[in-house]
Participant: 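Attaching a single structure in structure tokens format; questions to follow.
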Amino acid sequence: MKTTAKKEKARKVNFSFSAPLAESVSIAGDFNDWNATSHPMKKDKKGVWKASLNLVSGTYQYRFFVDGEWQTDPGCPDCVENPFGTLNSLKKVE
């Protein structure tokens with residue numbers, strides 16, 4: 001059992017999704033076991049939904065859950081196909 005490993009420090013990572021007409025938006029991914037309700041986002045006056053998560057270094061797959069529908073992040077150029085035939089967005093945290 002190693003005890004010399006340093007505990008990695010989490011960094012604040014910002015996510016945003018423009019959906020002015022949406023009633024609710026949340027973010028789900030492998031950082032929260034794809035729980036569509038555990039990280040609700042808040043809408044600003046311009047209709048952009050925002051959330052900040054504390055994540056340690058690594059690459060994370062995620063999607064937005066918008067009014068009951070899964071959406072890929074249009075502002076994220078990196079995606080990977082998921083088992084459902086759609087795309088998950090990738091966020092790399094350094």
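Side-chain atoms are counted along with the backbone in the values below, which use heavy atoms only and exclude waters and symmetry mates.
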Participant: Would you mind reporting whether Glu81 and Leu87 have side-chain heavy atoms less than 4.5 Å apart?
Facilitator: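 A side-chain contact under 4.5 Å exists here.
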Participant: Where is the tightest heavy-atom contact between Ala19 and Lys43, given as atom of each residue plus distance?
Facilitator: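 Ala19 and Lys43 have their closest heavy atoms at O-CD, 4.3 Å.
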Participant: Shortest non-hydrogen contact from Ala22 to Asp67?
Facilitator: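 Nearest heavy atoms, Ala22 then Asp67: CA-OD2, 3.3 Å.
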Participant: Mind checking side chain to side chain contact (heavy atoms under 4.5 Å, CB included) for Asn82 and listing every partner two or more places apart, or none if nothing turns up?
Facilitator: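 Partners of Asn82 under the side chain to side chain contact (heavy atoms under 4.5 Å, CB included) test: Arg63, Phe84, Thr86, Asn88.
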Participant: If the condition is side chain to side chain contact (heavy atoms under 4.5 Å, CB included), which residues does Lys91 pass it with, not counting sequence neighbours?
Facilitator: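 For Lys91 the side chain to side chain contact (heavy atoms under 4.5 Å, CB included) partners, ignoring immediate neighbours, are Val13, Phe15, Tyr62, Val93.
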Participant: Going by the rule side chain to side chain contact (heavy atoms under 4.5 Å, CB included), which residues pair with Asp33 if we only count those two or more places apart in sequence or in a different chain?
Facilitator: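 None.
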Participant: How would you list, by chain and number, every residue that makes a side-chain hydrogen bond (donor to acceptor under 3.5 Å, both in side chains) with Ser24, sequence neighbours excluded?
Facilitator: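 Result, side-chain hydrogen bond (donor to acceptor under 3.5 Å, both in side chains) vs Ser24: none returned.
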Participant: Which pair of heavy atoms, one from Ser89 and one from Asp73, lies closest together, and at what distance?
Facilitator: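 Closest approach of Ser89 to Asp73: OG-N, 2.9 Å.
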Participant: Show the nearest heavy-atom pair for residues Ile27 and Phe31, with the distance to one decimal.
Facilitator: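 So the minimum-distance heavy-atom pair works out to CG1-CZ, 3.9 Å.
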Participant: Quick one: does any side-chain atom of Asn35 pair with a main-chain N or O of Asn32 as donor and acceptor, under 3.5 Å?
Facilitator: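 No.
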Participant: For Phe65, enumerate each residue passing the side chain to side chain contact (heavy atoms under 4.5 Å, CB included) test, keeping only those at least two apart in sequence or located in another chain.
Facilitator: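 So Phe65 forms a side chain to side chain contact (heavy atoms under 4.5 Å, CB included) with Ser26, Ala36, Trp70.
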Participant: Any non-hydrogen side-chain atom of Pro40 less than 4.5 Å from a side-chain atom of Trp49?
Facilitator: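 Of all side-chain heavy-atom pairs linking Trp49 with Pro40, none is under 4.5 Å.
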Participant: Mind checking what makes salt bridge (charged side-chain N to carboxylate O under 4.0 Å, His left out) contact with Asp44, not counting sequence neighbours?
Facilitator: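 Expected list: Lys50.
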Participant: Out of curiosity, does Leu53 fall in the hydrophobic cluster containing Tyr60 (side-chain heavy atoms, cut-off under 4.5 Å, transitive links)?
Facilitator: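 Result: yes, single cluster for both.
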Participant: Heavy atoms, side chains only, cut-off 4.5 Å: are Arg11 and Ser57 in contact?
Facilitator: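 Sidechains of Ser57 and Arg11: in contact.
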Participant: Atom NZ in Lys9, atom CG in Leu55: separation rounded to 0.5 Å?
Facilitator: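 Atom-to-atom, Lys9:NZ and Leu55:CG are 14.0 Å apart.
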Participant: Would Gln61 and Val80 count as a side chain to side chain contact (heavy atoms under 4.5 Å, CB included) if you check the C-alpha gap in whole Å, the side-chain angles of each, and the deciding distance to 0.1 Å?
Facilitator: CA-CA 8 Å; Gln61 294 185 33; Val80 63; 3.5 Å; yes
Participant: For Ser16 versus Met41, what's the shortest heavy-atom pair and its separation?
Facilitator: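 Closest approach of Ser16 to Met41, heavy atoms only: CA-CE, 4.1 Å.
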Participant: Which pair of non-hydrogen atoms, one from Thr59 and one from Asp30, has the smallest distance, and what is that distance?
Facilitator: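 Heavy-atom minimum between the residues: O-OD2, 4.4 Å.
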